[in-house]
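Naming: A, B, ... by sequence-line order, numbering from 1 per chain.
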2 protein chains.
Amino acid sequence: MPGVSRGRRGGAGQGSGRFRVRHYSGAYLNAVDGKSRLSVPAPIRETIESRSGQKQLVLAPAEHNDCLVGYDLTRFESLQAEIGVRFAGDYGPARSDFARAMFGMAETLRYDDTGRIILSPILKDLGRIETTVLLLGGGDYFELWSPEHLLETPGQDPRLLRTVRALCAARGR
Amino acid sequence: MPGVSRGRRGGAGQGSGRFRVRHYSGAYLNAVDGKSRLSVPAPIRETIESRSGQKQLVLAPAEHNDCLVGYDLTRFESLQAEIGVRFAGDYGPARSDFARAMFGMAETLRYDDTGRIILSPILKDLGRIETTVLLLGGGDYFELWSPEHLLETPGQDPRLLRTVRALCAARGR
DNA sequence: TTCTATCCCATGCTATCCCATATCCACAGG
DNA sequence: CCTGTGGATATGGGATAGCATGGGATAGAA
């Protein structure tokens, strides 16, 4: 099972060494408790801090899927800069409409000393998240899925689906 | 309030850490009381102070919508320079018209120790604001909307509308 | 005075902090 | 190769502090 079961707890990891990890990879299945708290997997936290130097992340709804996308602040701010280029010289309503959607739905969250964030009801709704979150590395960002919803989303790589099923099974669900 | 309720009171948070937050993000639904007082959400206050070092903000009418735009003082001062760029070589009335609208109707407000500002009748009229205000992050500024009015404004991202409806429902309105 | 704006205090709610426990992985020793 | 041990991680629960909001008191202005 390449990729499965390497992390400390939740799933496929990127190694636990002290190396500076500059990209997000691996799959992790973590719980959302009654207070809507979610532990951000330690390898992802390490990458966040390695890339941005902050214990903060930005969560926003994905554009084409019912899931959430997570960015470190460095990546998020570069997104902002890309928008400035994309709308350069454009002072019409399209720019403000875009910014409203992008920033209005984005939440900047800080995780505590135990590595947990609190998911607002809005984020949980936008990401179809209930009691379990699947975190998937995506290079310079990561995704948060409802595992059930990913499994029934068409067009996924069957090997990824196997990995997800293995994680769910390992957790007893 | 059972079911969807979150945030200290109204909306999406960005943590309370003392970390520098350089952009405005998230959606918050706050009340305007009988004295026209409005609580500026704590995360927005934190960004204001992080960016400008002042407990002050500037409110002005938006260019393309019937809503208000909020700036920290640092951002507001840089706006003047941008107007020079935007209207470079333009010696017609457009520039002065724009400047008149922007600066003539802008109000600089200081929030008190509980984080509240007082909305003048003029501002409330310009933003169509009555008893509830939706505050939306926009990157280096934020917007103040009447939630009902945003819901009926064409061209908005459906996920944003869903977010607004969820906020209204959480508050029981 | 009378009206209005600002300040101060009180309240209910919950996000956050702190401590405790269960769980798991890495590593080493048998 | 299997198993025991230690350290880090993910998670639970209670206590606390911060936040949005309401109401009354106070200080000016008309």
Measuring from the side chain of [X] (C-beta onward, heavy atoms only), which nucleotide among [options] has the closest atom?
X        : options                : result
A/Ser39  : C/dA5, D/dA10, C/dT16  : D/dA10
A/Ala42  : D/dT11, D/dA10, D/dA15 : D/dA10
A/Arg110 : C/dC18, C/dC17, D/dC19 : C/dC17

### Query
Taking the inter-plane angle between the rings of B/Phe76 and B/Phe103 on a 0 to 90° scale, is it parallel (under 30°), tilted (30 to 60°) or perpendicular (over 60°)?
perpendicular
Would you kindly give the [atom1]-to-[atom2] distance between [X] and [N], to the nearest whole Å?
X        : N      : atom1 : atom2 : answer
A/Arg37  : D/dG12 : CZ    : P     : 8 Å
A/Lys35  : C/dC13 : NZ    : P     : 17 Å
B/Asn30  : D/dG18 : CG    : C1'   : 14 Å
A/Asp112 : D/dT11 : CG    : P     : 13 Å
B/Glu46  : D/dG18 : CD    : P     : 13 Å
A/Ile44  : D/dT9  : CD1   : C1'   : 14 Å
A/Leu29  : D/dT9  : CG    : C1'   : 15 Å
B/Leu123 : C/dA5  : CG    : P     : 13 Å

#### Entry: Within 6.0 Å of CZ in B/Arg86, more than 12 heavy atoms from elsewhere
yes
### Task
Select from B/Arg116 and A/Arg45 the residue whose nearest nucleotide in DNA chain D is closer to the 5' end of that strand.
A/Arg45
### Summary
The answer to which of A/Asp33 and B/Ala31 contacts DNA chain D further toward the 5' end, by nearest nucleotide, is A/Asp33
#### Entry: Side-chain N or O of B/Arg171 closer than 4.0 Å to phosphate OP1/OP2 of D/dT21
yes
### Task
Say whether A/Glu148 and A/Ser146, considering side chains only, have a donor N or O and an acceptor N or O under 3.5 Å apart.
yes
### Summary
Judged by nearest nucleotide, the residue sitting upstream toward the 5' end of DNA chain C, A/Ala170 or A/Asp113, is A/Asp113
### Query
Do A/Glu82 and A/Arg75 sit within salt-bridge range, that is, some charged N less than 4.0 Å from a carboxylate O?
yes
### Query
So, A/Arg171 side chain and A/Leu29 main chain: donor-acceptor pair closer than 3.5 Å or not?
yes
